[in-house]
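Okay, so here's the structure we're looking at.
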Protein chains: 4
Amino acid sequence: MKNNKPKFKQIIDAAVTVIAENGYHASKVSKIAAQAGVADGTIYLYFKNKEDILVSLFQEKMGQFIEKTEQQIDLKQNAEEKMKTLIHMHFSQLSDDHDLAIVTQLELRQSNKELRLMINEVLKRYLSIIDRIVEEGIAEGSFDPKLNIRLVRHMIFGTLDETVTNWVMKEQKYKLADQVNEVHKLIIKGLSR
Amino acid sequence: MKNNKPKFKQIIDAAVTVIAENGYHASKVSKIAAQAGVADGTIYLYFKNKEDILVSLFQEKMGQFIEKTEQQIDLKQNAEEKMKTLIHMHFSQLSDDHDLAIVTQLELRQSNKELRLMINEVLKRYLSIIDRIVEEGIAEGSFDPKLNIRLVRHMIFGTLDETVTNWVMKEQKYKLADQVNEVHKLIIKGLSR
Amino acid sequence: MKNNKPKFKQIIDAAVTVIAENGYHASKVSKIAAQAGVADGTIYLYFKNKEDILVSLFQEKMGQFIEKTEQQIDLKQNAEEKMKTLIHMHFSQLSDDHDLAIVTQLELRQSNKELRLMINEVLKRYLSIIDRIVEEGIAEGSFDPKLNIRLVRHMIFGTLDETVTNWVMKEQKYKLADQVNEVHKLIIKGLSR
Amino acid sequence: MKNNKPKFKQIIDAAVTVIAENGYHASKVSKIAAQAGVADGTIYLYFKNKEDILVSLFQEKMGQFIEKTEQQIDLKQNAEEKMKTLIHMHFSQLSDDHDLAIVTQLELRQSNKELRLMINEVLKRYLSIIDRIVEEGIAEGSFDPKLNIRLVRHMIFGTLDETVTNWVMKEQKYKLADQVNEVHKLIIKGLSR
DNA sequence: GATGAATGAGGTTTCATTCAT
DNA sequence: TATGAATGAAACCTCATTCAT
């Protein structure tokens, strides 16, 4: 697995740093190589092309993001608790990794349509976590059974994403973690019977 | 006012068409000029540079978008109705102008940080419409007085934006207008006392 | 005679001012037109093209330069006096018209080879004044009859031109007029029997 | 030292050829690259930009020019001999490198003020050679002690430069080398006691 | 004569990618 | 594996000139 080779991760971490610092368009392959401490050509031993660095970056980081989120959610007993954990994990993980937040909320969105479609592919796993919680809530009887799952999914993800983006853009003048309870209440009220 | 000169609008409309068709980065100035039926150099009589076309495009189109939305909202009597009108106008206007939806939801977001900050400036006017409806609802007694306005704003805009983006990405396989009622119910439930 | 029309001179004077201020390459036709207080298109009623402004400028200004020089020289009785007058007129006229000095010594030399050949055409009249003085000096018996006229012409013109250019480049930190006597002595010594 | 890399000199020599042939403004970077047998982009591995090619060209060529001149002058015993060697070297070196003469006498002077200031910087070394010879002549007692060094410098450089420029413009219809003796006599007469 | 909006050709430079070592 | 010098395609913008009014 390429993912186990140390240089692979080394280059991805370098990419996060460089993109967060310089922005997507100013992030030249040579800069990423320099930050990773390898030669330009070495990049191409681990990645097909520049876009592949970004896709891999998102897969790698989002994979960890999702995994940790799932682990925490599995510890909870009911949909409402799980929803709170989802929100908490979403906010805290991006809050803790400043550079990653900039990259996922701002810089990666400057990529072209093709790359964004791939990113959406990765996101699906995350969206299905949301779906499962909602379905569980309906089954438990705590959420409204008439909910349109797709719509609810957009509402939840849209709310979280917009909140984080705004927080990143406002240069983190307030604590994201402080928003968890209020956001949770707002969402739960929309979902409940 | 440059906005009254016919060529100004002509070029902006050409830009919407070309960007929707080719994507932001493949949209060469020469292509936009050709589509507008003017010479390349003429572009620079009306716009400072390529980026200025995008800023102006967004200001012009978003200006109309907001104006029409405000007009319709003003006809309604209470916050709940106004919210429904907001959602309806948001969905219908983007639904009706296919190319514009692609440009605002996908292509314009590929621009750099500076441009996005300008776009946010324009968006503020729209977000303040949302704020006013929420405040009105609270004053009327129909919305929960303890609502955190900023958070609610993110929820509403995030939900609408995410829904439209998903609709654009799914290549409009379903009717956006059909979602109005459900989205409205979902949001209102979150806001109500 | 186009030269008698007021706008012709108006545009030439504007060109001198604009070129002296902005340099040759930054002197756009539109800037010259603005400075002259006419429309861009009007320039082309009086001049064939941009280069023609420069050629005309040089002809007009150099024509006056040469005429005045000749008038003063004609008042003198012998070659040595005439030479002193030539040097004096060369230095004083350029010293008195700051902008013109910048244009002739620095900016006009940035033009292309073709324009410089035309400029040389105009210069010939000036060089022939030099030649005549030298020939007169030889006939009078005060200058060495074995002098190579062309060479002497280069020496005299080269000396004057280099001195003025250096004075312009040094931003006129010293008085050009103060150099007349010394330059005269130096040249006369080279020419005398 | 970049100057030791073969491609650096290769590109400079290509620039001399291309500029002499096409003139400064018609000398596109792509033409220089083609003449040097490298890709367009390679130019930018060795030079900051197009102007830097010209500055480097002048430094490189003028450096050699000055060095050779100094070497020959050092072999001579007195100021008069040294002056003759200076004139001889000045004429012969430019006479021998046709293209270089065109570039230094005509094309390089079309550059902008900034570039010309850099060129003047390089020229100072040459002018100080002249100064030293004159001072030596005065010390020896062969030159007039009352000479104004700066003026004499302008006379000598102006005479040589004007002579070469005229020779280049006249398309070398006569031998420059044949002028050495006469120019020398003329100058020496002006300098001597 | 005078205007000034419109034209459109043309070139420098960047940077992802390759490949000989 | 790793290197990094070399490649070469691709596009924004300027500005002299025109011509309908």
Side-chain angles (χ1 to χ4, degrees), chain A residues 2 5-8 11 25-34 36-54, chain B residues 2 5-8 10-11 25-34 36-53, chain C residues 2 5-8 11 25-34 36-54, chain D residues 2 5-8 10-11 25-34 36-53:
Chain A
K2 61 179 184 176
K5 304 208 176 152
K7 286 207 176 149
F8 179 83
I11 291 166
H25 282 113
S27 292
K28 297 151 203 174
V29 171
S30 59
K31 244 185 207 164
I32 296 174
V38 301
D40 293 13
T42 305
I43 298 273
Y44 292 87
L45 298 175
Y46 296 91
F47 301 90
K48 225 175 43 250
N49 50 34
K50 188 185 179 182
E51 193 173 291
D52 189 34
I53 306 178
L54 296 174
Chain B
K2 61 178 185 176
K5 300 203 180 160
K7 290 221 168 128
F8 180 83
Q10 206 171 312
I11 292 167
H25 282 113
S27 292
K28 303 162 204 163
V29 170
S30 60
K31 251 185 203 161
I32 296 174
V38 300
D40 292 15
T42 305
I43 299 273
Y44 294 89
L45 295 177
Y46 296 92
F47 301 91
K48 239 187 11 263
N49 50 37
K50 191 184 175 183
E51 189 173 294
D52 189 35
I53 304 179
Chain C
K2 61 178 186 177
K5 303 208 177 153
K7 286 206 176 149
F8 180 83
I11 292 166
H25 281 114
S27 293
K28 297 150 203 175
V29 170
S30 60
K31 243 185 207 163
I32 295 174
V38 299
D40 292 15
T42 305
I43 298 273
Y44 292 87
L45 298 175
Y46 296 90
F47 300 91
K48 228 175 40 250
N49 50 35
K50 189 185 178 182
E51 192 173 292
D52 189 34
I53 306 177
L54 296 174
Chain D
K2 61 179 186 174
K5 297 201 181 161
K7 291 223 167 124
F8 180 84
Q10 205 171 314
I11 292 166
H25 282 113
S27 292
K28 303 163 204 163
V29 170
S30 60
K31 246 185 207 164
I32 296 174
V38 300
D40 291 15
T42 304
I43 299 273
Y44 293 87
L45 297 177
Y46 296 91
F47 301 91
K48 238 187 14 264
N49 50 36
K50 192 184 174 183
E51 190 173 297
D52 190 34
I53 305 178

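Remember, predicted model here, so these are calculated numbers, not experimental data. Quick note: numbers below take in every heavy atom, side chains included, and nothing from hydrogens, waters or symmetry partners.
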Self-check item: Spacing between C:Phe47 atom CZ and E:dA2 atom C1', to the nearest angstrom
Solution: 15 Å

Quiz prompt | Rounded distance (Å) that lies between atom P of E:dG11 and atom CD1 of D:Ile53 | solution = 15 Å

Quiz item: Side-chain N or O of B:Tyr46 less than 4.0 angstrom from OP1 or OP2 on E:dA6?
Solution: yes

Exercise. Could you run through nucleotides 16-21 of chain E and give me one letter per nucleotide, 5' to 3': B if any protein heavy atom sits under 4.0 Å from the base, S if only the sugar-phosphate is that close, - if neither?
Key: SBB---

Quiz item: Expressed in angstrom and rounded to an integer, what is the separation of D:Ile43 atom CD1 from F:dA5 atom P?
Solution: 17 Å

Practice problem: Using whole Å, report how far CG of B:Leu45 lies from C1' of E:dG8. | Solution: 12 Å

Exercise. Measure from the side-chain heavy atoms of C:Lys7 and tell me the nearest of E:dA2, E:dA6, F:dT1.
Key: E:dA2

Self-check item: Residue whose nearest DNA chain F nucleotide is more 5′ - A:Ala39 or D:Gly37
Solution: A:Ala39

Quiz item: Quick one: side-chain contact (heavy atoms from CB on, under 4.5 Å) partners of B:Lys31, sequence neighbours excluded?
Solution: B:Val18, B:Asn22

Quiz prompt | Rounded distance (nearest 0.5 Å) linking atom CZ of A:Phe8 with atom CG of A:Leu45 | solution = 13.0 Å

Exercise. Could you point out which residue of C:Ile43, C:Val38, C:Asp40 forms a side-chain contact (heavy atoms from CB on, under 4.5 Å) with C:Ile32?
Key: C:Ile43

Practice problem: Give the rounded distance in Å between these two atoms: NZ of B:Lys31 and P of F:dA11. | Solution: 8 Å

Quiz prompt | Nearest heavy atoms of B:Phe47 and B:Asp52, plus distance in Å | solution = CA-OD2, 3.4 Å

Practice problem: Determine the stems involving DNA chain F; a stem requires 3 or more consecutive pairs of the Watson-Crick or G-U wobble kind, each with both distances below 3.5 Å, and the answer is none if no such run exists. | Solution: E:2-21 with F:2-21

Exercise. Using the closest heavy atom to pick a nucleotide of DNA chain F for each, name whichever of D:Val38 or C:Ala26 lands nearer the 5' end.
Key: D:Val38

Exercise. Output the distance between atom CD (D:Glu51) and atom NZ (D:Lys48), rounded to the nearest 0.5 Å.
Key: 8.0 Å

Quiz item: CZ of D:Phe8 versus C1' of F:dA6: gap in Å, rounded?
Solution: 18 Å

Quiz item: Can you check whether A:Thr42 has a side-chain N or O nearer than 4.0 Å to OP1 or OP2 of F:dT3?
Solution: yes

